[in-house]
Asker: 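Sharing a structure, written as structure tokens. Questions coming.
Each chain gets a letter, A, B and so on, in the order the sequences are listed, and its residues count up from 1. When reading the values below, keep in mind they use all heavy atoms of this one structure, side chains included, and skip hydrogens, waters and symmetry mates.
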Protein chains: 2
Amino acid sequence: MVSKGSLAAAMRDPEKTRMRILGAAYDLVYKEGFRSTSVNDIVMKAGVTQGAFFHHFPTKNDLGYALVDEVLKDMMMERWTKPLAAYKNPVQGMIARFRKNMDDLSDEEIRSGCPLNNLMQEMSSIDPVFREKLRGVLLAWMEETERYLKKAEAEGYLRPGVDLKKASQFIVTAEVGSSGVMKNLLDRTVYYSLYESFRRYMESMSAVEILLEV
Amino acid sequence: MVSKGSLAAAMRDPEKTRMRILGAAYDLVYKEGFRSTSVNDIVMKAGVTQGAFFHHFPTKNDLGYALVDEVLKDMMMERWTKPLAAYKNPVQGMIARFRKNMDDLSDEEIRSGCPLNNLMQEMSSIDPVFREKLRGVLLAWMEETERYLKKAEAEGYLRPGVDLKKASQFIVTAEVGSSGVMKNLLDRTVYYSLYESFRRYMESMSAVEILLEV
DNA sequence: AGCCCAACATAGTGACCACTATGTTCGTCT
DNA sequence: AGACGAACATAGTGGTCACTATGTTGGGCT
């Protein structure tokens with residue numbers, strides 16, 4: 001009776017099938033773009049049939065929307081805002097994280113760019129539903145950044161008079177823009193250069209000396 | 001014999017035909033993206049036949065390359081670096097131009113984003129020829145920016161110790177990133193916010209008080 | 001045990017795509 | 001004046017696309 005159980009586990013598991021599709025789609029869309037990725041590419045990579053695909057997602061666009069809601073948002077928050085909780089001084093955390101996210105990137109990830117930025121530039125102007133969902137991710141990123149700036153302010157790490165909303169919008173713009181520029185230039189020295197400028201900008205609003213352990 | 005001449009003017013003019021194709025293609029690619037724009041879309045908008053198109057451009061990709069080399073590059077320089085020549089203080093010029101380029105944008109242009117950024121995010125990772133050509137535009141933009149920073153430094157407008165190359169890379173990244181973020185958010189108040197942060201960053205490297213006439 | 005429906009699998013289908021094969025026309029050059 | 005080639009125009013062509021019509025199968029529920 002062993003075989004039945006172990007085989008059956010892989011057979012009818014709709015939630016797992018859906019996740020396999022989403023996972024395969026995320027990789028392909030990240031690397032090739034949404035329009036350039038065909039449903040066939042996705043089902044081949046996921047190891048399922050087109051029938052399974054269209055059973056779970058009525059249209060290709062619906063898959064794209066699910067990608068943003070269920071995969072992309074967590075991905076971005078996991079990378080950019082969640083790690084800030086580990087730092088006593090959020091300003092120092094943002095500087096350190098900008099650097100770390102850059103150092104951790106593989107060559108292929110640099111070539112592929114920022115998954116949020118990719119989709120924003122490709123889909124925002126041609127599909128209002130995509131834009132709304134991507135806008136939600138971008139705003140959440142900015143709001144979380146602002147929340148950590150507020151925390152920094154409350155604990156005396158910020159100079160008085162800094163407009164936290166404006167600063168958080170600029171911070172996210174710099175982070176997104178850096179990934180976008182790097183995707184084209186493919187030159188890590190430029191990334192180090194952008195990091196140092198970013199650090200200078202962050203330090204200009206800091207009330208304390210920033211010491212970074214390397 | 002009047003008819004012959006006036007009609008003939010529009011008939012066999014290869015240079016004009018080529019330009020009509022490039023102009024129509026630029027608009028469509030700018031708004032819809034390169035992959036989403038079909039050759040048929042382009043020839044319809046240009047008012048020429050597919051035969052004419054493929055006579056002037058062997059493949060659709062070749063048209064894309066010509067777009068970058070012959071249209072996009074001039075477009076970007078005309079908008080971002082050429083106007084800096086009119087300012088005595090280039091730092092002030094960059095601040096003023098960031099603002100002016102934003103104010104001059106129509107709603108549709110905001111929705112369409114930065115034409116260079118659009119193509120970079122869409123094509124850089126999937127076509128090396130595109131990447132090289134786009135890279136040329138981006139580097140030219142950065143180098144021109146650096147040239148104006150050098151001019152500013154020579155005339156005493158910059159604080160000592162500013163790394164001009166790093167600063168120019170960050171400036172262009174902020175300009176590109178702002179257009180990219182705006183394309184999604186469609187909210188001019190965010191643009192004003194980004195402008196003020198950009199201005200603060202520029203002022204942090206300035207040796208003089210910046211006075212902007214509104 | 002048998003029924004039923006979600007969860008797939010298979011095999012198309014029309015639309016659109018970049019591109020081509022081939023024909024025609026006009027200006028130029030001798 | 002006649003030839004000739006660049007500058008088009010017309011009508012396809014194979015391939016790919018998102019999507020669908022129609023089966024089949026397995027597990028849960030009575």
Asker: Expressed as a whole number of angstroms, how long is the span from M44(B):CE to dC16(C):C1'?
Answerer: 13 Å
Asker: Whole Å only: how far is the CD1 atom of I42(A) from the P atom of dT16(D)?
Answerer: 17 Å
Asker: So does E203(B) pair up with R199(B), basic N to acidic O under 4.0 Å?
Answerer: yes
Asker: Applying salt bridge (Lys or Arg N to Asp or Glu O under 4.0 Å), run through R18(A) and E70(A) and close with a yes or a no.
Answerer: CA-CA 11 Å; R18(A) 196 186 140 90; E70(A) 299 174 35; 2.4 Å; yes
Asker: At a heavy-atom distance below 4.0 Å, what parts of residues 29-38 of chain B sit against DNA chain C?
Answerer: T37(B), S38(B)
Asker: Nearest whole angstrom, please: distance from the P of dA7(C) to the NZ of K16(A).
Answerer: 16 Å
Asker: Can you tell me how far the CZ atom of R79(B) sits from the SG atom of C114(B), to the nearest 0.5 Å?
Answerer: 8.0 Å
Asker: On the ring face of F34(B), is K60(B) found with NZ or CZ under 6.0 Å from the centre and within 45° of the axis?
Answerer: yes
Asker: Is E143(A) salt-bridged to R147(A), cutoff N-O under 4.0 Å?
Answerer: no
Asker: Could you give the CG-to-P distance, from D41(A) to dC19(D), as a whole number of Å?
Answerer: 14 Å
Asker: Between D107(A) and R188(A) (salt bridge meaning N to carboxylate O under 4.0 Å), is one present in this structure?
Answerer: yes
Asker: Can you pull out the residues from residues 47-56 of chain B that lie within a 4.0 Å heavy-atom distance of DNA chain C?
Answerer: Q50(B), F54(B)
Asker: With the threshold set at 4.0 Å, does a side-chain nitrogen-carboxylate oxygen contact exist between R35(B) and E122(A)?
Answerer: no
Asker: I need the CG-P distance between L28(B) and dA18(C), as an integer number of Å.
Answerer: 12 Å
Asker: Does a side-chain N-to-carboxylate-O contact under 4.0 Å join E144(A) and K82(A)?
Answerer: no
Asker: Taking only N and O in the side chain of T17(B), is any of them less than 4.0 Å away from OP1 or OP2 of dC8(D)?
Answerer: yes
Asker: What's the NZ-P distance between K60(B) and dC17(C), to the nearest Å?
Answerer: 9 Å
Asker: Quick one: D13(A) CG to dC8(C) P, roughly how many Å, whole number?
Answerer: 8 Å
Asker: R18(B) has an atom CZ; how far is it from atom P of dA6(D), in whole Å?
Answerer: 16 Å
Asker: Salt bridge or not between E146(A) and K150(A)? Use side-chain N to carboxylate O under 4.0 Å.
Answerer: yes
